[in-house]
Amino acid sequence: MSRDREVPPEREAGPSGRARAAFAVLSGLIAAFAALCVAGLVAATVRPEAGPVAAVGGAAIDRTPPAVKDFAVRNFGTDDKLVLRLGILVLLAVFAMAVGLLAVRHRIGGSAAVLAFGVVGAVAAAGRPEGRATDAVPSAVGALVAAGLLYVLAGRLTPGSAPSPAAGEAASGAPSPASGEAGDGAGHAAGGGPDGPGHPWGGGPDRPGAPDRRADCQTLGRPALDRRGLDRRGLDHRGLDHRAFDHRAFDRRGFVLAATAAVAASAGAGLLGSRLTASQLAGASASRQGITLPTPASPAPPVPPGADLGIRGVGSFVTPAKDFYRVDTALVVPRVDADRWRLRIHGAGVTRPLTLGFRDLLRRELVERDITLTCVSNEVGGPYAGNARWTGVRLADLLREAGVKPPSRGGAADQIVARSVDGMTIGTPVETVMDGRDALLAIGMNGEPLPFEHGFPVRMVVPGLYGYVSACKWIQDIELTTFDAYDAYWVKRSWAREAPVKTASRIDTPRPFATPAAGTVPVAGVAWAQHRGIARVEVRVDGGPWHTARLGAEAGRDTWRQWVWEWPATRGRHTLEVRATDRTGATQTGERAGTVPDGATGWHSVVIDVH
């Protein structure tokens, strides 16, 4: 009997076909779940950053064009990494469902597709800037487990792997071919085989040609056969019961048992991996909790009265750590044990290379300063600026101790390349760091050890430069080199080599499309021009004359300043604009420009309706 051509499960008619397709999709999802759980367990023994989602996400960030990065930051803010993770998981789920459907037709092909996907994760993990060969192991092991599991589950969905109900009938005593019912099995028995001499069509040398066996059956008084060669009871000319073989049936019970066991085992592996990771992170947390920052030898001056105007809607002069913006490429926040942390200073012009531990920094002269940081991705009027009180060691002192000279004094290096534990590289001008400003290797933020999200145990803070050329978090290496010899991470992605912060101002209140009542309305916000200071802020309404705002007290050239203008508001829709002038006399330009390559420009404006 010729076997019917197998029909793809998604195109099979009837409940059996739909169920098989649904189970195929489920098998792919279960395999993907197993891969993630097992890879997470293995990553716990390697390092959390080696997990497949983190590895693929990091590789995606590395290859993201600046315009796409800006779009993500602008639309998702600090949730951009969560959105990326969810996107990766959604794509993985879609891939898993497709592979599940493939595997029920081609088991080896489906498993091979899973292995190929695992290779992508392994290459992504090992190929990152900070990647190690061992980082490929979690993705590789997870893919092997998923491929094997998918092969097993797809086997339970193979057509004909389960008997139809008719097989049960035969087993329970229903008439069978051997019973000789209606003479159908008699010839079979007498002939000693399906084609023996006693068979109606004979066997052996005198077997007649039989072009139409259905006609022969009618001639012999046997039941007529249909076009498939089966009689009305599902028996073929040899007496075999084809009702016992449903080529679209599958082993549902076996699938459910195997799938349940796989999910349970995978969940157990994932839970164990989470606990191992948590145990490792607990060591880093304990090291942070055990730190008491010494009293700085050079404390920050007290914030002068009036620096914080206390206007509702304007953020406080000092930004709490929990509210401080975070823009970086780390999908998994590095958690470094301070007791194991080391910083190496080496490279061109370094005559005395240094290797420092965290306790070495604590024993040095600490300084404390109020410094405003700004991200280059901050749009006009954007939220990615914050002011904090930083505690640390002057970076210039360490460079001089290592024998480094600035280029203006004949130094061999004009660029500091700071490397993070997550592989980020940030290039900073040597001349800027050593020109007398309070460039710090910071260990504290607002009187506490740095939060993990903001660079614990040590980060760089350089006032007057955008963060992408100055504020390396989780720093572990400082190399002295030249801008001609090396392009740091963001420079390779079309951003400028040197990026001093541009003079900027922002309206915090009233908010866009606010509806204040007519009368005196305070228009207020913040302005910054780090390392130059703010001299004046002006506001205008509907393109009219500029009005000078009242400034909060100045706490230093490296911090932002609050401002307010009491506006006699009249009914109707109005557009408010703001601009600032720094202490060099340069007024903020009104020409609009995007963030690439060295920061946005333009006057911030809001539209409101006064009633």
Restricting to pairs with a member in [range], which pass ring pair (Phe, Tyr, Trp, His ring centres under 6.0 Å), not counting sequence neighbours?
{"range": "residues 329-353", "value": "none"}
{"range": "residues 390-449", "value": "Phe324-Trp390"}
{"range": "residues 578-604", "value": "Trp546-Trp603"}

Results of side-chain hydrogen bond (donor to acceptor under 3.5 Å, both in side chains) for [X] - residues two or more places apart only:
{"X": "Thr559", "value": "none"}
{"X": "Thr587", "value": "Thr581"}
{"X": "Asp360", "value": "Arg363"}
{"X": "Arg540", "value": "Glu577"}

*asked:* Out of the candidates Arg532, Arg536, Arg561, Arg557, only one should pair with Asp582 under the salt bridge (Lys or Arg N to Asp or Glu O under 4.0 Å) rule; please name it.
replied: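 With Asp582 as partner, Arg532, Arg536, Arg561, Arg557 yield a single salt bridge (Lys or Arg N to Asp or Glu O under 4.0 Å), made by Arg532.
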Could you tell me if the side chain of [Y] sits less than 4.5 Å from the side chain of [X], heavy atoms only?
{"X": "Leu576", "Y": "Pro510", "value": "yes"}
{"X": "Cys375", "Y": "Tyr325", "value": "yes"}
{"X": "Thr503", "Y": "Trp528", "value": "no"}
{"X": "Val46", "Y": "Pro138", "value": "yes"}
{"X": "Leu441", "Y": "Leu343", "value": "yes"}
{"X": "Gln588", "Y": "Val578", "value": "no"}
{"X": "Pro407", "Y": "Val430", "value": "yes"}

*Arg369 bridged to Asp558 by N-O distance under 4.0 Å*: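 No.
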*Derivation and outcome, side-chain hydrogen bond (donor to acceptor under 3.5 Å, both in side chains), residues Thr374 and Gln530*: CA-CA 9 Å; Thr374 310; Gln530 290 94 312; 2.9 Å; yes
Smallest separation among heavy atoms of [X] and [Y], with atom names:
{"X": "Thr351", "Y": "Gly403", "answer": "OG1-CA, 3.4 Å"}
{"X": "Val380", "Y": "Gly602", "answer": "CG1-O, 3.7 Å"}
{"X": "Tyr384", "Y": "Ser377", "answer": "CD1-O, 4.4 Å"}

Output all residues satisfying side chain to side chain contact (heavy atoms under 4.5 Å, CB included) with [X], sequence neighbours left out; order by chain, then residue number.
{"X": "Thr481", "answer": "Gln415, Val417, Ala485, Tyr486"}
{"X": "Pro304", "answer": "Ala307, Ala553, Ala555"}
{"X": "Ala593", "answer": "Thr601"}

*Scan Arg400, Glu365, Met434 and name whichever one has a side-chain contact (heavy atoms from CB on, under 4.5 Å) with Arg394.*
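For Arg394, the side-chain contact (heavy atoms from CB on, under 4.5 Å) test succeeds with only one of Arg400, Glu365, Met434, which is Glu365.
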*ring-ring contact (aromatic ring centres under 6.0 Å, His included) with Phe452: which residues, sequence neighbours excluded?*
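Phe452: ring-ring contact (aromatic ring centres under 6.0 Å, His included) contacts with Phe456.
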*Taking only residues two or more places apart in sequence, or in another chain, which ones meet His574 in a ring-ring contact (aromatic ring centres under 6.0 Å, His included)?*
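Residues passing ring-ring contact (aromatic ring centres under 6.0 Å, His included) with His574: Trp567.
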